[in-house]
Colleague: 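First the structure, which I've put down as structure tokens, then a few questions once you've had a look.
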Amino acid sequence: MEESYRCWLQYRFVQDTQRFYQYRKWVSNIVVARETEIINSAARELQDALKSMLNLKPSIWRHPFHQQPFLFLGSYEDINPENHGISASLLNRLDDEGYLLKTVNNQILVIGKTDRGTLYATFHLLRLLQCEQPIDSLEITDSPKNQLRMINQWDNMDGSIERGYSGNSIFFRDNDFVDDLTRVKNYARFLASVGINAISINNVNVWNLETRLITKEFLPKVKEVAEIFKSYAITVFLSINFASPIELGGLSTADPLDRDVQKWWENKAKEIYQYIPDFGGFVVKADSEGRPGPFTYHRSHAEGANVLARALKPYNGKVIWRCFVYNYLQDWRDRSTDRAKAAYDHFGPLDGQFLDNVILQIKNGPMDFQVREPVSPLLGAMKKTNQMIEFQITQEYTGQQIDVCYLVPQWKEVFDFDTYAQGESSTVKSIVNGSLYNCKYSGVAGVSNIGDDVNWTGHALAQANLYGFGRLIWNPDLSTEQITKEWIYLTFGIHQQVVEPIKWILLHSWETYENYTAPLGVGWMVNPNHHYGPNVDGYEYSKWGTYHFADRDGIGVDRTVETGTGYTAQYFSPCSEIYNSLECCPDELLLFFHHVPYSHQLKSGKTVIQHIYDTHFEGVETVKLFIKLWDSLEGKIDNGIFQNVKERLKRQLENAIEWRDQINTYFYRKSGVPDEKNRMIYR
Ligand code: GCW
């Protein structure tokens with residue numbers, strides 16, 4: 001099998017002889033106290049991994065025995081804590097998905113609070129082995145910080161993937177499910193290994209055929225997929241069409257207050273749960289970019305979400321309701337409408353009106369996954385509403401898996417952002433982990449970046465985004481450095497000559513992408529529709545509400561209270577004042593909040609125009625450095641991966657040059673200001 005296919009679950013042979021024998025000593029005998037589907041998955045994973053890492057076929061036992069060392073795989077209920085020197089309070093501190101890895105006398109305990117924890121503990125142990133860490137005196141406890149850790153597929157049943165850059169769907173082909181679900185199973189392994197516990201398998205834009213996923217025509221197949229995921233502790237959700245009562249039920253309306261509509265959803269939920277008793281629930285994109293929703297019937301989004309929530313409630317199902325609702329038919333002449341304000345304006349007033357099994361899913365920024373955006377002011381604005389954040393792992397606006405752009409540093413910044421919603425330390429991570437407002441349900445979703453390409457993610461380095469997403473949302477306090485190192489160790493091995501160049505590329509890639517694309521938080525400037533490559537005015541006169549307003553004197557969107565759209569007022573103090581003030585606004589977001597002359601001096605000391613020139617020249621130079629660093633890996637890593645990234649870096653360089661020259665020329669022509677350093681700007 002190609003190495004890139006196995007992603008971070010390489011299970012490479014352990015080279016260090018001392019470690020090799022030490023590990024074999026511990027894992028030659030495995031006690032599996034009790035079989036559940038999930039524990040069986042863990043045991044199978046262990047066996048496969050040990051075979052390939054240690055050339056070992058462990059003996060599996062039912063009961064613990066004395067003398068020889070062994071590995072004990074089980075859950076809380078399988079052990080007597082006192083016999084193992086574990087205090088009850090220690091285990092009580094773990095939540096249901098938490099676990100313990102502990103070396104006690106002649107055994108290594110791999111103990112979950114429930115079997116889900118056992119699975120996570122197993123992957124943790126395998127990570128230690130692959131990173132060649134000592135295991136003689138383990139004492140590790142861990143629990144996830146976020147409750148829902150979810151992946152959203154944007155897969156269509158014709159096999160295409162909306163904003164997918166890694167081939168076609170692994171779930172669907174030719175308007176049906178694929179026959180061979182091997183890749184789905186491997187995907188489940190990858191996701192479980194980083195702690196993902198939920199997935200929606202179809203696009204949030206639910207077209208005609210996909211609307212029928214919740215009918216008997218497709219439910220047996222959904223069930224099959226759900227069972228695979230279930231054995232890896234992952235719950236399956238479906239995206240649904242709000243107009244289903246009309247499309248499937250033949251009703252004349254989908255009005256959420258209509259009795260027949262309510263009944264229809266109740267029956268539908270009952271039917272789904274007959275097939276899949278632990279079905280997760282629905283993901284809903286309503287009244288967004290032309291999709292149907294409650295607005296058609298002059299009903300609120302709370303009324304829309306609640307009709308579904310009520311139907312799912314008896315089965316413990318959830319409604320994940322997206323807040324990406326805005327006017328997508330705006331007139332560029334109208335300067336008063338600001339797309340950035342839309343989510344807050346639509347949802348803020350509905351606080352407290354949603355049933356307790358509804359979770360609002362809010363994109364990290366107010367616009368749409370740009371390389372740089374402020375945090376959405378809706379995060380934290382609703383005190384009585386379950387909320388989760390949505391990130392985009394697929395690189396729609398960040399290089400489309402042609403350019404390298406490692407997003408963990410960006411997500412980390414978002415998690416750490418202090419909203420001041422309840423005074424200081426009201427960070428985004430404390431909102432989405434449910435602690436700030438004591439939410440019943442909360443968490444994090446990410447739009448998947450995988451497809452049926454051999455290496456899953458098109459660009460092999462984009463695997464780091466999926467890995468990093470899972471690890472970071474398990475615990476947003478993990479450092480970027482640690483996550484990045486782990487991924488490299490697992491994927492490429494632990495040799496410094498290999499680790500350092502890859503780490504350097506990853507850690508500089510987001511900044512570099514930002515450098516050669518749209519400057520200072522203004523966003524867009526991409527080719528319309530497909531969103532790759534530069535087109536400064538591509539969206540300037542469009543209906544999408546995405547403008548930069550560059551003229552001969554200056555650039556940026558005035559979102560201040562006094563002279564602009566007033567968007568800054570949606571933030572809590574002091575964020576609102578900081579963003580509203582030209583003096584205090586951070587450089588990297590300046591043009592998101594303010595319209596300034598090209599001569600405006602940034603905190604860095606540079607003028608805006610000189611910053612634009614400098615970053616664009618610098619961005620291209622850094623890509624050249626990436627290429628040099630990558631070339632140094634030839635012969636030291638798998639050749640397939642080497643060639644894949646080499647080819648992508650070449651295309652990235654072409655893209656970066658195109659961006660640099662179009663942006664520099666555009667702003668030179670607009671402003672007439674020459675580059676201080678006299679570099680080549682085409683006239
Ligand atoms: O960013 C936009 C994308 C659409 C996507 C939409 C959304 C699934 O360009 O492709 O549709 O966001 O998040 O709903």
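Read the numbers this way: they start at 1 and go in the same order the structure lists the ligands and their atoms.
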Colleague: List by chain and number: which residues place a heavy atom under 4.0 Å from ligand 1?
Modeller: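 Around ligand 1, where the cutoff is 4.0 Å for heavy atoms, the contacting residues are Trp154, Glu162, Arg163, Asn203, Val204, Asn205, Lys285, Glu289, Arg322, Phe324, Lys363, Asp368, Glu396, Tyr397, His531.
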
Colleague: Which heavy-atom pair separates Asn655 from Gly533 by the least distance, and what is that distance?
Modeller: OD1-CA, 3.6 Å

Colleague: Please name the pair of heavy atoms, one in Lys412 and one in Thr480, separated by the smallest distance, quoted to 0.1 Å.
Modeller: CD-OG1, 3.8 Å

Colleague: Distance-only, no hydrogens or angles: does the Glu303 side chain make a donor-acceptor pair with backbone N or O of Asp255 under 3.5 Å?
Modeller: no

Colleague: By the definition ring pair (Phe, Tyr, Trp, His ring centres under 6.0 Å), identify the one residue from Trp456, Tyr467, Phe469 that meets it with Phe190.
Modeller: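 So the option named by the test is Trp456.
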
Colleague: Under the rule for side chain to side chain contact (heavy atoms under 4.5 Å, CB included), what residues qualify as partners of Ala311, not counting sequence neighbours?
Modeller: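 Ala311 satisfies side chain to side chain contact (heavy atoms under 4.5 Å, CB included) with Trp265, Glu266, Ala269 only.
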
Colleague: Between Phe415 and Phe391, what is the shortest heavy-atom contact and its length?
Modeller: CZ-CE1, 3.7 Å

